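These values consider heavy atoms only, across backbone and side chains, with no hydrogens, waters or symmetry-generated copies. Just so you know, ligand 1 is whichever comes first in the structure, and atom 1 is the first atom listed for that ligand. Everything numeric here is computed off the predicted structure, so don't read it as measured data.
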Amino acid sequence: MSKKVQTAISPTRAQDYPEWYQQVIKASDLAERSPVRGCMVIKPWGYSIWENIQREMDDMFKDTGVKNAYFPLFIPLNFMEKEAAHVEGFAKECAVVTHHRLEKGPEGGLVPAGQLAEPLVVRPTSETIIGESFSKWLNSYRDLPILINQWANVVRWEMRTRLFLRTSEFLWQEGHTAHATAEEALERTSQMLEVYSRIAQDYLAMPVIRGSKSEAERFPGAEDTQCIEAMMQDRKALQAGTSHFLGQNFAKASNIRFQTADEKEAIAWTTSWGVSTRLIGGLIMTHSDDDGLIVPPKLAPAHLVLLPILNNEAQRSKVMEYTEKLAAQLREQRYHDRRLRIEIDTRDIGGARGWDWIKKGVPLRVEIGPRDIAKDAVFFARRDKSHREKTSLPREEFCNSICSILDEIQGNLFQRAMDFRQANTQRIDNKAEFYSYFTPQNKEKPEIHGGFALTHWCGEAKCETKIKEDLTVTIRCIPFNSGKENGKCLICGKLSKQRAIFAKAY
Ligand SMILES: [Zn+2]
């Protein structure tokens with residue numbers, strides 16, 4: 001008889017990955033579905049991760065000269081029409097406001113009334129409304145560059161939604177910049193992708209591949225879309241952030257013009273770039289295991305939880321006193337320039353208490369009982385290791401080494417994810433091999449397939465479409481670091497100058 005291993009999350013990743021994902025979110029109390037179709041409620045534990053991402057990223061933006069501002073939620077319909085590719089790209093998922101009040105209808109219920117002369121679109125993205133402001137702000141070359149970021153919510157009417165990964169309303173930041181030259185705008189596009197790459201790798205501990213999208217996968221209206229792509233534990237790709245070089249398309253549409261140094265009129269060059277709460281979906285799927293969420297220490301809502309053992313009535317006050325003292329000593333420390341975040345859980349719920357924190361993914365769990373107090377030691381467990389593995393350290397030593405322990409966890413999570421990606425990435429030059437790589441071996445588990453394929457592609461949309469239609473596999477990006485290497489396109493056999501990353505994607 002095989003020994004049944006108990007896991008906190010059911011089903012496990014191997015049993016049913018999509019359902020496992022939903023159950024991790026539930027068990028860790030990150031978010032839940034709302035009564036509004038396709039919209040989510042982000043609960044405190046989930047929102048706190050977003051706040052931590054936001055705080056780190058906001059500092060990085062500002063270090064590059066970007067300033068925050070805020071623009072309207074509504075976009076007049078005619079603004080959307082200004083850029084043809086843009087409106088085509090977003091038309092199918094727009095929420096539109098057509099009325100501005102409610103009246104009692106003939107059946108007694110409330111009905112919309114007061115029809116608007118011009119409908120308003122709830123922003124799916126803000127290029128057009130921000131472009132309108134830029135056209136007013138910009139007069140002379142001396143006003144450039146304009147470097148703006150907005151933290152906001154956007155609405156894209158999705159038919160099939162999934163918490164964090166795809167919701168009708170989501171939180172994000174959108175950066176918008178205007179420049180005097182194409183070179184400067186391109187430089188900014190790459191610079192912001194670099195920021196995203198740092199956030200993903202150094203904070204989410206999520207390895208990413210940087211590259212450019214194929215024309216078919218570009219942002220509607222952009223000349224180049226750069227992206228970061230990560231591999232999830234089901235070997236599917238997640239687009240985690242994008243940075244767009246918009247050329248002069250939006251500047252022409254919104255009339256963003258300026259006077260040059262030699263008093264000629266010129267059209268500005270613009271960029272836009274964004275990441276969203278989708279990053280949290282990436283974090284969950286990169287690190288979590290069959291016992292629940294695992295949060296990288298740098299973004300954890302709590303770095304550690306103190307669990308005083310209070311079942312001995314006589315020792316109770318002594319244990320609490322020691323716990324408070326330890327918390328105070330730890331709170332004096334800083335971890336990567338932020339306060340050490342500590343939770344104290346005094347609930348009397350037996351073993352369920354420890355499991356709650358395992359499921360929530362807190363990096364360190366510390367149990368405090370009379371025996372530890374007698375030894376002046378700290379008994380702790382790490383979330384990146386088995387829940388049975390516990391270590392004891394003298395209190396002083398623990399306090400002095402806590403930041404390096406957290407860094408070690410952060411580093412382990414990154415390395416684990418990197419090893420996983422490398423083990424599931426292959427260079428494939430043979431068509432039959434490519435097709436079998438992406439064809440599920442087990443019909444009951446269609447989600448199981450190869451992973452990332454680095455494969456030659458001629459650059460033609462028709463070869464890309466063929467692969468997409470046959471296998472639902474898309475070009476995730478043409479990686480920057482792949483180096484020039486001549487080969488033959490997998491589909492048509494024509495000359496290809498570089499490999500692209502092909503994968504199934506979220
Ligand atoms: Zn081809």
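- Residues meeting the salt bridge (Lys or Arg N to Asp or Glu O under 4.0 Å) test with Arg33, sequence neighbours left out: none.
- You'll find the ring centres of Phe134 and His176 outside the 6.0 Å limit.
- Ring planes of Phe71 and Trp137: tilted class, angle from 30 to 60°.
- A salt bridge links Arg338 with Asp59: the distance from a Lys NZ or Arg NE/NH1/NH2 to an Asp or Glu carboxylate oxygen falls below 4.0 Å.
- Checked against the 6.0 Å centroid criterion, the rings of Phe170 and Phe164 do not qualify as a close aromatic pair.
- Excluding waters, the protein N/O/S atoms found under 2.8 Å from the Zn ion (ligand 1) are Cys458 SG, Cys463 SG, Cys489 SG, Cys492 SG.
- Residue Lys213 is tested with Thr225, Asp224, Ile475 for a side-chain contact (heavy atoms from CB on, under 4.5 Å); the sole match is Thr225.
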